Participant: 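Shown below is the structure under consideration.
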Amino acid sequence: MNSDAIKRFFVTLRDANPQPASELEYSSVFELLAAVLLSAQATDVGVNKATRRLFPVANTPAKIVALGVEGVEAYIRTIGLFRNKAKNLVATAQILLDQHGGQVPRSREALEALPGVGRKTANVVLNVAWGEPTCAVDTHIFRVGNRTGLAPGRTPYEVEMKLLARIPAEFAKDAHHWLILHGRYVCQARKPRCRACAVADCCDFDAKTDQA
DNA sequence: ATCCCGAGGG
DNA sequence: CCCTCTGGAT
């Protein structure tokens, strides 16, 4: 994809997604961190179901620690990887209390030091909570970056570096959400809906398998 | 490279 | 049945 196509790609995605936002439900930075931690290899719909049960009972580090691993598991059992996630969420909450005054830290280093929080989760918190121009490469963005030719790479980190270099500066804060929504609803993994795609004209993918 | 791991869709 | 879902730790 050349630079003209890249520009057109993002302008079109912007127009198609006037209200870019996460579809995870949260009402505080800690809830955001918890929801993103729970979202690994799980759908937003599934995570929201679990957090609607969990957050009314425990939505602060102190309450999560008090609930304990077994207690948290009881609320999130319907999500994949629930044992690891319950253990990580409780351990993360304990570290917030012990080392960060019960607050969610703002640096990448401190975020990635939390159990269950890697580069992708840290990027989401940095972007959504504090408006930093990060690009969290999840399964959707990895696929869209490669399939379209916008940011091909073997690893999420490679895709992220290319995106940071190619996303026009004025779109840096919102591009992450546009790409997620595009991947979720249009550039789908199994059956990409190329016929309904607004950016098909500047995409490298050969739409032989489109069945939309 | 492998494990974790349930719900939903095709 | 199979694949996919806002990954991270070992």
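Hydrogens, waters and symmetry mates are skipped; everything else that's a heavy atom, side chains included, is used. Here is how names work: the chains are called A, B, and so on, in the same order as the sequence lines, proteins then strands, and each is numbered from 1. Bear in mind that the values here come from a model prediction, so they are computed numbers and not experimental data.
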Participant: Within the structure provided, determine whether A/L163 and A/L179 are in side-chain contact (heavy-atom separation under 4.5 Å).
Facilitator: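 They are in contact (side-chain heavy atoms under 4.5 Å apart), so the answer is yes.
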Participant: Remember a base hit wins even if backbone is also touched, and classify A/V137 as base, sugar-phosphate or nothing at under 4.0 Å, heavy atoms.
Facilitator: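 Contact class for A/V137: none.
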Participant: Select from A/E23 and A/E112 the residue whose nearest nucleotide in DNA chain C is closer to the 5' end of that strand.
Facilitator: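 Checking each residue's closest nucleotide, the 5'-ward one belongs to A/E23.
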Participant: One thing to verify: whether A/R147 and A/D204 come together as a salt bridge, which I'm taking to mean a side-chain N less than 4.0 angstrom from a carboxylate O.
Facilitator: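 No, A/D204 and A/R147 are not salt-bridged.
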Participant: Could you see if A/F82 belongs to whatever hydrophobic cluster contains A/F55? Use Ile, Leu, Val, Met, Phe, Trp, Tyr and a side-chain cutoff under 4.5 Å.
Facilitator: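 They do share one cluster, since a chain of ILVMFWY contacts under 4.5 Å joins A/F82 to A/F55.
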Participant: P atom, B/dG10 versus C/dT6: distance in rounded Å?
Facilitator: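 To the nearest whole Å, 15 Å.
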Participant: Taking only residues two or more places apart in sequence, or in another chain, which ones meet A/N2 in a side-chain hydrogen bond (donor to acceptor under 3.5 Å, both in side chains)?
Facilitator: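 For A/N2 there are no side-chain hydrogen bond (donor to acceptor under 3.5 Å, both in side chains) partners, ignoring immediate neighbours.
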Participant: When the ring planes of A/F171 and A/F10 are compared, do they come out parallel, tilted or perpendicular, using 30° and 60° as the limits?
Facilitator: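 Because their plane-to-plane angle lies in the 30° to 60° range, the rings of A/F171 and A/F10 count as tilted.
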Participant: Where do A/V90 and A/G68 come nearest, in terms of heavy atoms and distance?
Facilitator: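 So the minimum-distance heavy-atom pair works out to CG2-C, 3.8 Å.
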Participant: When we call it a touch if two heavy atoms are under 4.0 Å apart, what does A/A189 touch: a base, just sugar-phosphate, or nothing?
Facilitator: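 Contact class for A/A189: sugar-phosphate only.
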Participant: Same hydrophobic cluster for A/I180 and A/V36, using side-chain heavy-atom links shorter than 4.5 Å among ILVMFWY?
Facilitator: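 A/I180 does not cluster with A/V36.
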Participant: Return each pair, listed once, that meets side chain to side chain donor-acceptor pair (under 3.5 Å) where at least one residue sits in residues 97-114 of chain A; pairs must be two or more places apart or across chains.
Facilitator: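 Passing the test, one end in residues 97-114 of chain A: A/Q94-A/D98, A/R108-A/E112, A/R108-A/N123.
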Participant: Give the residues of residues 161-182 of chain A touching DNA chain C, defined as any heavy atom closer than 4.0 Å, sorted by residue number.
Facilitator: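 By residue number: A/H176, A/I180.
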Participant: In a check of side chain to side chain contact (heavy atoms under 4.5 Å, CB included) between A/R143 and each of A/I141, A/T139, A/N146, which one passes?
Facilitator: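 Exactly one option meets the side chain to side chain contact (heavy atoms under 4.5 Å, CB included) with A/R143, and it is A/T139.
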Participant: Do any of residues 80-91 of chain A sit with a heavy atom less than 4.0 Å from DNA chain B, and if so which?
Facilitator: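 By residue number: A/G80, A/L81, A/F82, A/R83, A/N84.
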Participant: Just jot down the side-chain hydrogen bond (donor to acceptor under 3.5 Å, both in side chains) partners of A/R52, sequence neighbours excluded, or say none.
Facilitator: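 Checked A/R52 against side-chain hydrogen bond (donor to acceptor under 3.5 Å, both in side chains); matches are A/E25.
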Participant: Which parts of residues 143-156 of chain A get close to DNA chain C, meaning a heavy atom less than 4.0 angstrom away?
Facilitator: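 Per residue number, the list reads A/R143.
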Participant: Pick base, sugar-phosphate or nothing for A/S22, based on heavy-atom distances below 4.0 Å to the nucleic acid.
Facilitator: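 Answer is base: heavy atoms of A/S22 come under 4.0 Å of a base.
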Participant: Identify the two heavy atoms, one from A/Q188 and one from A/K191, that lie closest to each other, and give their separation to 0.1 Å.
Facilitator: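 Between these two residues, the closest heavy atoms are OE1-O, 3.5 Å.
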Participant: Verify whether one side chain among A/R166 and A/S3 offers a donor that lies under 3.5 Å from an acceptor in the other.
Facilitator: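 Looking only at side-chain atoms, A/S3 and A/R166 do not form any donor-acceptor pair under 3.5 Å.
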Participant: Nucleotide range of DNA chain C contacted by chain A, 5' to 3', under 4.0 Å to a heavy atom?
Facilitator: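 First-to-last contact on DNA chain C, by the 4.0 Å heavy-atom rule, is C/dC2 to C/dA9.
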Participant: So which atom in A/S39 and which in A/V47 form the shortest heavy-atom distance, rounded to 0.1 Å?
Facilitator: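 Closest approach of A/S39 to A/V47: CA-CG2, 3.6 Å.
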Participant: Strictly below 4.0 Å, heavy-atom distances to any atom of DNA chain C: list the hits from residues 122-136 of chain A, or just say none.
Facilitator: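 When residues 122-136 of chain A is checked for heavy atoms under 4.0 Å from DNA chain C, the hits, listed by number, are A/V124.
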Participant: Out of curiosity, A/L38 CG to A/Y75 OH, how far, rounded to the nearest 0.5 Å?
Facilitator: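 The CG atom of A/L38 sits 14.0 Å away from the OH atom of A/Y75.
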Participant: Mind checking which nucleotides bracket the chain A contacts on DNA chain B, 5' to 3', with an atom under 4.0 Å from a heavy atom?
Facilitator: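 Contacts span B/dC4 to B/dG9, reading 5' to 3'.
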Participant: Regarding A/L114, tell me which of base, sugar-phosphate or nothing describes its non-hydrogen contacts under 4.0 Å with the strands shown.
Facilitator: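 A/L114: backbone/sugar contact only, no base atoms under 4.0 Å.
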Participant: Between B/dA7 and C/dG8, how many Å separate the two P atoms, rounded to a whole number?
Facilitator: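 Those two atoms are separated by 22 Å.
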Participant: For A/E70, check side-chain hydrogen bond (donor to acceptor under 3.5 Å, both in side chains) against everything at least two apart and list the hits.
Facilitator: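 Result, side-chain hydrogen bond (donor to acceptor under 3.5 Å, both in side chains) vs A/E70: none returned.
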Participant: Might you confirm whether atom CD of A/Q19 has over 12 heavy atoms from other residues, nucleotides or ligands at distances under 6.0 Å?
Facilitator: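 No - once you tally the heavy atoms of other residues, nucleotides and ligands closer than 6.0 Å, there are 12 at most.
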Participant: Please determine whether residues A/V11 and A/V144 belong to a single hydrophobic cluster, defined as Ile, Leu, Val, Met, Phe, Trp and Tyr linked transitively by side-chain heavy-atom distances below 4.5 Å.
Facilitator: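 Linked within one cluster.
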Participant: Is the shortest side-chain N to carboxylate O distance from A/E73 to A/K85 below 4.0 Å?
Facilitator: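 Between A/K85 and A/E73 there is no salt bridge, as every charged N stays at least 4.0 Å from the carboxylate O atoms.
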Participant: Listed by chain and number, what are the side-chain hydrogen bond (donor to acceptor under 3.5 Å, both in side chains) partners of A/R83, not counting sequence neighbours?
Facilitator: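 Not a single residue meets the side-chain hydrogen bond (donor to acceptor under 3.5 Å, both in side chains) criterion with A/R83.
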Participant: When you check the side-chain N and O atoms of A/N59 and A/E31, is any donor under 3.5 Å from an acceptor?
Facilitator: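 Judged by distance alone, the side chains do pair up.
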Participant: Can you measure from CG (A/L37) to CG (A/L89) and round to the nearest 0.5 angstrom?
Facilitator: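 Reported value, rounded in 0.5 Å steps: 6.0 Å.
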Participant: What residues from residues 46-65 of chain A pass a heavy-atom cutoff of under 4.0 Å to DNA chain B?
Facilitator: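 A/K49, in order of number.
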